[in-house]
Structure formats: C-alpha cells, structure tokens
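Working notes for the structure below.
By convention in this document, chain letters (A, B, ...) are assigned in the order of the sequence lines, proteins followed by strands, and residues within each chain are numbered from 1. Excluded from the calculations below are hydrogen atoms, water molecules and symmetry mates; all remaining heavy atoms, backbone and side chain alike, are included.
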2 protein chains.
Amino acid sequence: MKDFKTERRPQESQACETSTGRPGVGASEQLDARFLESLIGYNARRAALAVISVFLEGMAPFELRPVDFSVLSLIHHNPGVTARQLCNALGLLPPNMVGIINQFEQRGLLERRPHPSDRRAQGLHLTPQGHALMNEAESTARALEEGVAHRLSPKEQGTLKSLLRKIYL
Amino acid sequence: MKDFKTERRPQESQACETSTGRPGVGASEQLDARFLESLIGYNARRAALAVISVFLEGMAPFELRPVDFSVLSLIHHNPGVTARQLCNALGLLPPNMVGIINQFEQRGLLERRPHPSDRRAQGLHLTPQGHALMNEAESTARALEEGVAHRLSPKEQGTLKSLLRKIYL
DNA sequence: TATTGTTATACTCTATAACTATA
DNA sequence: TATAGTTATAGAGTATAACAATA
C-alpha cells in the first residue's frame with residue numbers, strides 16, 4: 001500500500017547571485033559562488049531541480065511523479081511499446097520499471113497485452129482512462145512549462161532546449 | 001569505514017532523437033519522444049545527468065562527488081563560512097551536511113574553528129592540503145567542462161548558463 | 001523563543017544478483 | 001547462449017524528529 005508523495009517541498013535553496021567577492025567573509029550574508037555558477041553542470045542541476053519542484057506540485061492532482069509522467073507519455077505516444085524500450089529511452093533499470101508499471105495497471109491506466117511477435121515481451125497500452133489522464137496531464141505540463149520559463153521569450157526557450165540537447169546527445 | 005563510489009556507470013540512456021512519429025509502433029526501433037523533448041525540465045535533467053556522469057568519472061581521482069566538490073569549492077572561496085550557510089546555498093539539509101564535513105575533516109582537508117561572534121556556530125576553513133586539492137580539482141572541473149560542452153561555442157556556453165540562471169533564480 | 005550543530009532514523013531512489021520463460 | 005520480465009535486496013540520497021548548547 002504505497003500512498004503518494006506528501007507535499008514535500010525540498011527547501012528551495014535560494015539564489016546566491018554573489019558578485020562582490022571579498023575573501024575574508026567569515027560571517028553571514030551571501031556567499032561567493034561564482035566558480036560554481038561558471039559551471040554548466042551546476043546551473044543545469046539547479047535549473048532541473050527548480051523545474052522538478054514546480055512539476056511535482058503541479059502534477060500532484062494526477063499523482064504522477066516526473067518519472068511516472070515520462071513513462072506514461074512514452075506509452076501514450078508509442079502504443080505497444082515494451083518495458084525494455086522504456087528503460088532504454090529513459091535510463092531506468094528493468095527491476096525499477098516493474099513497480100511503476102504495476103502501479104499504473106492497478107490504477108487502471110494501462111494494460112499489458114501479449115507482444116505480437118515475441119512471447120517473452122508484452123506490449124503496453126493505455127486504457128481509455130489512461131489516455132484521458134495523459135491528455136490532461138500533458139496539457140498541464142505545457143502550462144507549468146510557461147510558469148517555469150516565464151522569464152524567457154519563446155525564442156529563448158527554443159534556444160535553451162536546443163543547447164541542452166547539444167550537451168546530452 | 002565508507003569507501004568511495006566504485007565506478008558506477010549509470011547506464012547512460014541513449015539519445016532517442018525520434019522525428020518520424022508513426023502511431024502504431026508496437027515493435028523495436030526508436031520511440032517517439034517528441035513531447036518529452038519539448039519540455040525544458042526533461043532536457044535540463046538529461047543534460048544534468050550527462051554532465052554529472054562525466055564529472056563523477058573525472059573527479060574520481062580526488063574522491064569528490066558533485067556535492068562534495070560544491071561544498072569544498074564554497075569553503076575554498078568563502079573561508080570561515082558556517083555549515084548553515086552552506087546548507088542554504090546548496091539546498092542541503094543540516095543533518096546531511098554533518099557527515100560530509102566530518103569526512104573532509106578526517107581526510108585532513110578542512111578544520112572547524114570557533115566562530116568569532118557566535119559560539120553556537122563554527123567557521124569552516126580549508127587546510128593547506130584542502131586548498132591544494134581544490135586548486136587541482138577546480139582546474140580539472142574546468143577541463144571536464146570543455147569535454148562536456150565541446151559541441152557549443154564559447155558564446156553558446158555563456159548563453160546556456162545565462163538562460164539556465166533565468167530558470168532557477 | 002529561535003537557531004546551530006548534531007544524532008538517530010525513515011523514506012525514496014537507484015543498483016546488483018539471480019530466477020523464469022522464451023528467443 | 002542471450003534477452004524480457006520479474007523478485008529480492010542492497011546501497012545511496014534525502015527527509016523528519018528530537019536534543020544540547022547558545023543566541
């Protein structure tokens with residue numbers, strides 16, 4: 001009986017836009033984080049955590065964590081996909097995928113069907129409820145995206161995603 | 001006796017640059033991940049994981065995880081900083097900071113000194129060995145950065161960091 | 001009363017080993 | 001022999017509660 005994540009707000013670490021670095025601080029105030037802020041990895045992680053925090057809150061009504069949303073979205077757009085394919089696409093390990101899929105099956109959001117050509121595998125398909133939920137959830141995700149990126153113009157948002165892809169592809 | 005992370009390669013989930021979305025897949029091949037790839041959060045998390053993977057490997061000689069590097073870098077540039085300040089700056093919780101600092105103290109990289117104005121707190125200072133290690137480690141971090149961002153021009157790298165900061169600040 | 005550092009502990013996430021059934 | 005799915009379990013990461021010393 002696993003109930004859903006209970007409104008955990010992970011202590012959003014405040015900004016720290018330090019610019020006047022003086023060496024002998026020792027007291028309170030802001031810290032000199034200029035070196036860390038010069039690293040792409042640090043900025044990417046901070047941004048990802050900020051977005052995930054918003055996502056976690058906005059998706060709570062659907063009881064979907066980010067990983068849940070990713071899995072369901074891929075099944076939504078790739079009916080008949082196998083668990084193995086989902087693992088490869090999302091960087092998850094098979095043993096950890098089992099529970100995710102079981103949970104969705106118990107919630108009536110998807111069903112396992114025999115795979116047409118490989119009897120070891122099983123094709124995953126959303127139920128009508130699953131499709132309805134994901135239509136709403138993806139719409140919500142788009143709306144949350146706007147909230148997160150409201151300081152960026154549409155062009156900047158495209159640039160950001162393009163540059164990020166150049167990092168991980 | 002906690003030994004260091006043993007060469008864990010977290011199964012770098014391959015690209016999935018799908019572009020020809022056809023609805024009835026059901027088989028093998030690449031998946032249609034276009035919706036996920038349209039989300040900033042998804043791209044930021046993927047990029048952060050890719051960078052962290054490189055960072056983890058490149059920092060192994062120093063036995064520094066990303067969080068360790070962040071903590072030591074802030075102490076390096078802010079001598080006398082308190083544990084509480086580090087927690088606020090990095091989004092860590094105090095109980096989890098204790099072990100990190102203890103580990104560094106046992107390795108002879110830093111020392112706790114009495115805080116000049118608050119006897120509850122303690123100022124954190126790197127030892128000469130700590131400063132020497134961080135000089136090398138930060139230099140290595142810069143080099144790793146180049147490997148991660150080699151598909152981006154210097155101007156693009158600046159743009160990326162600037163856009164990411166607009167997300168989380 | 002509030003805060004710093006700390007201990008103990010619980011929960012979540014991620015990883016490995018081993019099994020089954022099919023290929 | 002290799003692969004898809006599964007089970008059990010171990011480990012790392014992250015969270016809460018409560019305490020002593022000090023503000």
OP1 or OP2 of D:dA23 under 4.0 Å from side-chain N/O of B:Arg119: yes
Does the base of C:dA15 carry an N or O that pairs as donor and acceptor with the side chain of A:Asn96 under 3.5 Å? yes
With distance as the sole criterion, is a donor-acceptor pair present between the side chains of A:His77 and A:Glu138 under 3.5 Å? yes
I need the CG-P distance between A:Leu49 and C:dC13, as an integer number of Å. 14 Å
Phosphate-side-chain proximity, A:Arg112 and D:dT6, N/O vs OP1/OP2 below 4.0 Å: yes
Which comes earlier along DNA chain D counting from the 5' end, the contact point of B:Pro95 or that of A:Gly123, where each point is its nearest nucleotide? A:Gly123
In whole Å, I'd like the distance from the CZ atom of A:Arg84 to the P atom of C:dA23. 16 Å
Would you say the side-chain atoms of A:Gln85 pair up with the backbone N or O of A:Thr82, donor to acceptor, closer than 3.5 Å? yes
From the options D:dA4, C:dT7, C:dT14, select the nucleotide whose nearest atom is closest to the side chain of B:Arg45. C:dT14
Which whole-number value in Å describes the distance from B:Asn102 CG to C:dT7 C1'? 11 Å
Can you sort out the partners of A:His76 under ring-ring contact (aromatic ring centres under 6.0 Å, His included), two or more places apart, ordered by chain and number? A:His131
With distance as the sole criterion, do the side chain of A:Arg120 and the base of D:dT3 form a donor-acceptor contact below 3.5 Å? yes
Within this structure, what is the CG-to-C1' distance between A:Leu124 and D:dT6, rounded to whole angstrom? 14 Å
Write down the distance between CG (A:Leu93) and C1' (D:dA8), rounded to a whole number of angstrom. 15 Å
Residue-phosphate contact under 4.0 Å: B:Arg65 side-chain N/O, D:dG13 OP1/OP2: yes
Under a 3.5 Å distance rule, please check whether A:Asn78 uses its side chain to pair with a backbone N or O of A:Leu74 as donor and acceptor. yes
Length of the CD1-C1' vector between B:Ile101 and C:dT7, whole Å: 15 Å
If you pin B:Asp118 and A:Gln122 to their nearest nucleotides in DNA chain D, which one's is more 5'? A:Gln122
Could you tell me how far apart B:Met97 (CE) and D:dT16 (C1') are, to the nearest whole angstrom? 17 Å
A:Glu105 has an atom CD; how far is it from atom P of D:dG5, in whole Å? 13 Å
Ion pair check, B:Arg112 and B:Glu105, cut-off under 4.0 Å: yes
